[in-house]
Amino acid sequence: MKTPSHEVIAVVGGTGDLGNALARRLARSGRHVIIGSRTAERAVAAADVLSAELGVKVKGDSNAAAARDAGIVLVTVPYAAQSGTLLEIRDFVRGKVVIDTTVPLVPPKVMRVQLPAEGCAALIAQKILGGETRVVSAFHNVAARKLATDGAVDCDVIVFGDDKASRQVAVELVNACGLRGLHGGALANSAAAEALTSVLIFMNKAYAVEGAGIRITGRDTWETIQ
Ligand SMILES: NC(=O)c1ccc[n+]([C@@H]2O[C@H](COP(=O)([O-])OP(=O)(O)OC[C@H]3O[C@@H](n4cnc5c(N)ncnc54)[C@H](OP(=O)(O)O)[C@@H]3O)[C@@H](O)[C@H]2O)c1
């Protein structure tokens, strides 16, 4: 079977807060989006809402079928669902770039950093999907409720991954969503962004902020990396 184009993006778990907001922004940017769900009907219903709102066709399907038909696969499910979901799509993502957004929050103490023994959720994803799949991680530090609007989001997104070309694919998707994507180095470095999410959740509460985010300073333009 021909490998699907990078223009076709599956959002596994795209019925949820982060996935739906990203699906919406990507569809608006002209990408072909397939929303994935454990239940194809739920995915189709979410896709139909976006199609009607945006005036472009958004598809919906099961997580596995969405992953199969896409060139790039975004995974947007809770930490507790990460392993099961990745096992569901594993056979359909070999050779593809998978962008994992999982933050290893362990309720009820979500304001406390609780990284897994493996190091971080992104490393768990790579282990489950295997070396033939190029895992990158991103979007840990941006609030879904901000992405769900048409407005500008005052926030950078750091992208992690062991393969620079795959990170660049994700950086371009971040940019397509209207945010600045920045290379953050190795997949293991994802631990830093995953940990930071608990800090931001704490700050949201402590300072009564709706979706604190991060900005990297030091240069005006960050188009190229060494
Ligand atoms: N929300 C944010 O602001 C935000 C920001 C940065 C990063 N993140 C990270 O992004 C990921 C998604 O967050 P979210 O807030 O979008 O999650 P969510 O809305 O709670 O869930 C996303 C989707 O995952 C599926 N799901 C839920 N529980 C599941 C289970 N037990 N087993 C299998 N699938 C399940 C559901 O899809 P179906 O029922 O349709 O299958 C659901 O719509 C998380 O890891 C989170 O830490 C979130």
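Whatever order the structure lists them in is the order used to number ligands and atoms, beginning at 1.
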Answer whether the closest heavy-atom distance between the side chains of T76 and V12 falls below 4.5 Å. no

Starting from atom 47 (O) of ligand 1, what is the nearest protein heavy atom, named by residue and atom, and what distance separates them? V103 CB, 3.3 Å

Taking the side chain as every heavy atom from C-beta outward, state whether R28 and D150 have any pair of such atoms under 4.5 Å apart. yes

Looking only at distance, does H140 have an N or O less than 3.5 Å from an N or O of ligand 1? no

Got an N/O contact under 3.5 Å between G16 and ligand 1? yes

Within the structure, is a non-hydrogen atom of A80 found at a distance of less than 4.0 Å from ligand 1? no

V77 versus ligand 1: do any nitrogen or oxygen atoms come within less than 3.5 Å of each other? yes

Please list the nearest protein heavy atom to atom 19 (O) of ligand 1 with its residue and the distance rounded to 0.1 Å. D17 N, 3.0 Å

Is the shortest distance from a heavy atom of P78 to ligand 1 less than 4.0 Å? yes

Got the closest protein heavy atom to atom 5 (C) of ligand 1, with its distance? V142 O, 3.0 Å

Identify, for atom 16 (O) of ligand 1, the protein heavy atom at the shortest distance, and state residue, atom and that distance. L18 N, 2.8 Å

Heavy-atom proximity to atom 42 (C) of ligand 1, best of T15, D100, V157: T15

Give the residue, atom name and distance (to 0.1 Å) of the protein heavy atom nearest atom 39 (O) of ligand 1. R38 NH2, 2.8 Å

Can you tell me which residue among T85, T15, N63 is in a side-chain contact (heavy atoms from CB on, under 4.5 Å) with V77? T85

Using heavy atoms and a 4.0 Å limit, tell me yes or no: is T101 in contact with ligand 1? yes

List every atom of ligand 1 that sits less than 4.0 Å from any heavy atom of S37, numbering the atoms from 1 in the order shown and giving each element. 38 (P), 40 (O), 41 (O)

By number and element, which atoms of ligand 1 are closer than 4.0 Å to a non-hydrogen atom of A143? 3 (O)

Hey, mind stepping through R215 and D154 against salt bridge (charged side-chain N to carboxylate O under 4.0 Å, His left out) and telling me if it holds? CA-CA 8 Å; R215 269 271 182 240; D154 182 20; 3.0 Å; yes

Report yes if T85 has an N/O atom closer than 3.5 Å to an N/O atom of ligand 1; otherwise report no. no

Closest protein heavy atom to atom 3 (O) of ligand 1, given as residue, atom name and distance to 0.1 Å: A144 N, 2.8 Å

Any idea which protein heavy atom is nearest atom 22 (C) of ligand 1, and the distance to it? T76 O, 3.4 Å

Can you find an N or O of F139 that's nearer than 3.5 Å to an N or O of ligand 1? no

Would you say F160 and C120 make side-chain contact, with heavy atoms under 4.5 Å? no

Can you check whether G36 has an N/O within less than 3.5 Å of an N/O in ligand 1? no

Can you check salt bridge (charged side-chain N to carboxylate O under 4.0 Å, His left out) on K146 and E210, steps first, answer last? CA-CA 8 Å; K146 294 215 159 169; E210 278 223 11; over 6 Å; no

Taking the side chain as every heavy atom from C-beta outward, state whether R90 and L129 have any atom pair closer than 4.5 Å. yes

Of the protein's non-hydrogen atoms, which lies at the shortest distance from atom 23 (C) of ligand 1, and what is that distance? G13 O, 3.6 Å

